[in-house]
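Quantities reported herein were computed from a predicted structural model and do not represent experimental measurements.
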Amino acid sequence: MSNTPTSQVRTRIAPSPTGDPHVGTAYIALFNRCFARQHGGEFILRIEDTDQTRSTARSEQDILQALRWLGLDWAEGPDNGGPHGPYRQSQRSDIYREHIQILLDKGHAFRCFCTAERLDAVRAEQMANKQTAGYDGHCLSLSDKEIANKLEARESHVIRMKVPQEGECVFHDRLRGEIRINWQQIDMQVLMKSDHLPTYHFANVVDDHLMEITHVIRGEEWINSTPKHILLYQHFGWQEPQFCHMPLLRNPDKSKLSKRKNPTSISYYQDMGYLSDAMVNYLGMMGWTMPDGREKFTLAEMESAFDIDRVSLGGPVFDVEKLNWLNGKYIRENLDTDTFAEAYSQWALADGKMTQIIPLIKDRVERFSDVVPLAGFFLSGLLPVHEQDFAHKQLSAEQCKHILQLYVWQLEQLTDWTRDDVERSAQQLAAFMGIKIRETLFPLFVAITGKAVSVSVIDAITILGLDVSRARIRHAVDVLGGVSKKEAKVLEKTFRELQSGVEKAI
């Protein structure tokens, strides 16, 4: 095993397959790829799926598809292999067991048998005393005999890393210069969970070293975790990579980019008909500019001119209106009549969309000219709905808004996206609220199809998918006045009660 990284620049993106393919993932992937290509190096993709309860094969495929759509291909990964595989953490268990034993043998890690109840009590006491919450080192004092007896009794335990109690960790960040963090702020991190799966921090360092990653370019939210990673490199006697923490994407109001304020799924922008070239161009403008200041540029041009030291630390604003402007510029300037027609046809007919729509409208069609009035909403973005469209004999506008908000949270809980799951979620909400399913579906008809009566709204939601459906429902909530912070707290409590009832029923 080499302790010296390869001289070739190697960067990586390591998404967790636990949800939608996030624009933040694409943003970090873009900058990693540009940095590697600009230095004649390689860009690697690794799947960090140690969270077995939340990771799904569907999410992994969505992430890979979204990055491919953007043209951000990789030299090594779970789909195309490479000399440093496997590229899924769930397939690297033997590697982690081997390396955790090295740390135990060297005395840099220890077994912790503390129960969840004890840890909760310790943290509660620390918070009551206004101390930094963290592990108190209880199991550090266990003797070899005590540990052996507990192991023989098969007591559940985790493996934690020993952390210095004095001094500070000093490291250099490519964008931020010298960073100092006191070791007392660093918890004795769990490295191996009781299910024998590694935590993110441990697997991340082992994989980065074995995959010969030379530069770790990631979001600034990982700055405070860097001392843990550096300590692991030191414990193993490995040379650490260079660190570069990128500024986080922000909403126009400067808050952290969140799906509650802006669509954050790459798939949403693909489904809404944005051009991949425009999307990559826009992500490239997040905190970085071309030397000549122009705003429109290709991926190849960005790679050629790229200099990561020119990244601005001011929070880059992900503004959909600016993206719309840039996408329109691409459509007008890059697509002639024929290429426009071809690109539009590919988007409108993607993934057999029409073969899913036709069975819903066929019985209602007398002429082909009837198709657009019946099915046009499938090929639209946010619909021009108004508050009066939600007028109903049994439901107030407030009730409609609450149904929509609760239902979109229901949809976000789905791990599988099937018609049965979409329908079951609506039925569960109707039963919980004590209203008829027909009334529950009314505001959904308006939000999703733009009409109080249309084709099956359950089928429509299933075909449109979570991203577009979520955007339309949230748009409808805004049309109905939006949800205040006070309302949100009440609705979140109601939603927890709804979820509790669903779990008990299961």
Side-chain angles (χ1 to χ4, degrees), residues 16 50-51 53-54 100 103-104 106-147 149-151 153 155-171 173 176 178-205 218-235 243 245 248 254-256 258 260 315 485-486 488-490 492-493 495-497 499-500:
S16 298
T50 56
D51 187 343
T53 58
R54 297 176 61 225
I100 202 70
L103 294 182
L104 287 168
K106 287 185 173 183
H108 296 312
F110 64 99
R111 299 181 192 276
C112 172
F113 296 88
C114 292
T115 63
E117 291 74 19
R118 181 187 180 278
L119 294 175
D120 288 342
V122 168
R123 286 188 175 87
E125 184 178 350
Q126 289 170 334
M127 294 179 71
N129 294 329
K130 297 183 179 180
Q131 299 172 327
T132 302
Y135 184 66
D136 62 352
H138 177 74
C139 289
L140 276 169
S141 60
L142 292 176
S143 67
D144 291 344
K145 185 176 181 181
E146 287 175 311
I147 293 172
N149 289 339
K150 288 178 178 292
L151 290 175
E155 287 191 29
S156 177
H157 69 282
V158 299
I159 298 175
R160 293 180 181 271
M161 176 174 63
K162 290 183 179 178
V163 176
Q165 296 303 293
E166 298 179 350
E168 57 185 5
C169 177
V170 182
F171 62 95
D173 182 277
R176 301 159 194 271
E178 184 178 272
I179 294 178
R180 294 174 174 267
I181 298 179
N182 196 299
W183 282 117
Q184 290 185 338
Q185 295 178 240
I186 307 303
D187 198 9
M188 295 183 195
Q189 178 68 45
V190 173
L191 302 178
M192 192 73 78
K193 296 176 284 188
S194 58
D195 59 5
H196 307 297
L197 287 172
T199 60
Y200 164 83
H201 301 282
F202 179 61
N204 175 276
V205 167
R218 60 191 179 189
E220 64 185 327
E221 70 269 29
W222 296 108
I223 290 176
N224 289 337
S225 297
T226 303
K228 302 174 187 179
H229 302 165
I230 289 175
L231 194 57
L232 281 170
Y233 279 103
Q234 293 173 351
H235 285 341
F243 294 99
H245 291 92
L248 291 177
K254 299 297 184 178
S255 61
K256 181 181 175 182
S258 161
R260 294 209 167 188
K485 289 184 178 179
K486 185 176 179 180
K489 286 184 178 180
V490 174
E492 284 168 359
K493 181 181 178 183
F495 182 68
R496 287 194 294 271
E497 293 171 357
Q499 285 300 103
S500 177

Contact summary for E168 and N182, nearest pair of heavy atoms | CB-CA, 3.9 Å
All side-chain contact (heavy atoms from CB on, under 4.5 Å) counterparts of K493, not counting sequence neighbours | R496, E497
Shortest non-hydrogen contact between P227 and W183, atoms and distance | O-CH2, 3.5 Å
Separation between CD1 (I147) and NE2 (H157), nearest 0.5 Å, reads 9.0 Å
Using the test salt bridge (Lys or Arg N to Asp or Glu O under 4.0 Å), find all partners of R111 that sit at least two apart in sequence or belong to another chain.
-> none
By side-chain contact (heavy atoms from CB on, under 4.5 Å) - contacts of D187 (at least two apart) | R123, Y135
Go through the steps to decide whether I186 and L231 satisfy the test side chain to side chain contact (heavy atoms under 4.5 Å, CB included), and finish with yes or no.
-> CA-CA 11 Å; I186 307 303; L231 194 57; over 6 Å; no
What do you reckon, is CD of E155 surrounded by more than 12 foreign heavy atoms closer than 6.0 Å?
-> yes
Say you draw a straight line from CD1 of I181 to CD1 of I223; how long is it, rounded to the nearest 0.5 Å?
-> 7.5 Å
Apply the test side chain to side chain contact (heavy atoms under 4.5 Å, CB included) to residues I230 and F243: give CA-CA distance (whole Å), side-chain angles for both, the deciding distance (0.1 Å), then the verdict.
-> CA-CA 10 Å; I230 289 175; F243 294 99; 3.9 Å; yes
Between CE of M161 and CG of L103, what distance do you get to the nearest 0.5 Å?
-> 9.0 Å
Give the intermediate values and the outcome of side chain to side chain contact (heavy atoms under 4.5 Å, CB included) for residues V190 and F202.
-> CA-CA 8 Å; V190 173; F202 179 61; over 6 Å; no
Looking only at heavy atoms, what is the nearest atom pair of A109 and I159, with distance?
-> CB-CG2, 3.9 Å
In short, P198 meets T50 closest at the heavy-atom pair O-CB, 3.5 Å
Distance in Å, C169 SG paired with Q234 CD, rounded so as to fall on 0.5 Å steps | 7.0 Å
Could you tell me whether a side-chain N or O of N129 sits under 3.5 Å from a main-chain N or O of Q131, the two making a donor and an acceptor?
-> no
Closest heavy-atom pair, G315 versus K254, reported as atoms and distance to 0.1 Å, is O-NZ, 4.1 Å
Check the pair E221 / K256 against salt bridge (charged side-chain N to carboxylate O under 4.0 Å, His left out), numbers first and verdict last.
-> CA-CA 11 Å; E221 70 269 29; K256 181 181 175 182; 5.7 Å; no
Check the pair K193, T199 against side chain to side chain contact (heavy atoms under 4.5 Å, CB included), reporting the backbone distance first and the verdict last.
-> CA-CA 7 Å; K193 296 176 284 188; T199 60; 3.9 Å; yes
Just grab all the side-chain hydrogen bond (donor to acceptor under 3.5 Å, both in side chains) pairs involving residues 223-232, residues at least two apart or on different chains.
-> Q189-K228, H201-H229, R218-T226, R218-H229, T226-H245
Once you round to the nearest 0.5 Å, how far does CD1 of I100 lie from NE2 of H196?
-> 12.0 Å
Under the side-chain contact (heavy atoms from CB on, under 4.5 Å) rule, collect the residues that match up with K106, sequence neighbours excluded.
-> I102, H108
Under the side-chain contact (heavy atoms from CB on, under 4.5 Å) test, which residues partner T53, sequence neighbours left out?
-> D51
Indicate the atoms forming the closest heavy-atom contact of M188 with R160, along with that distance.
-> O-NH1, 2.9 Å
Spacing of D136 atom CG and L119 atom CG [to the nearest 0.5 Å] = 8.0 Å
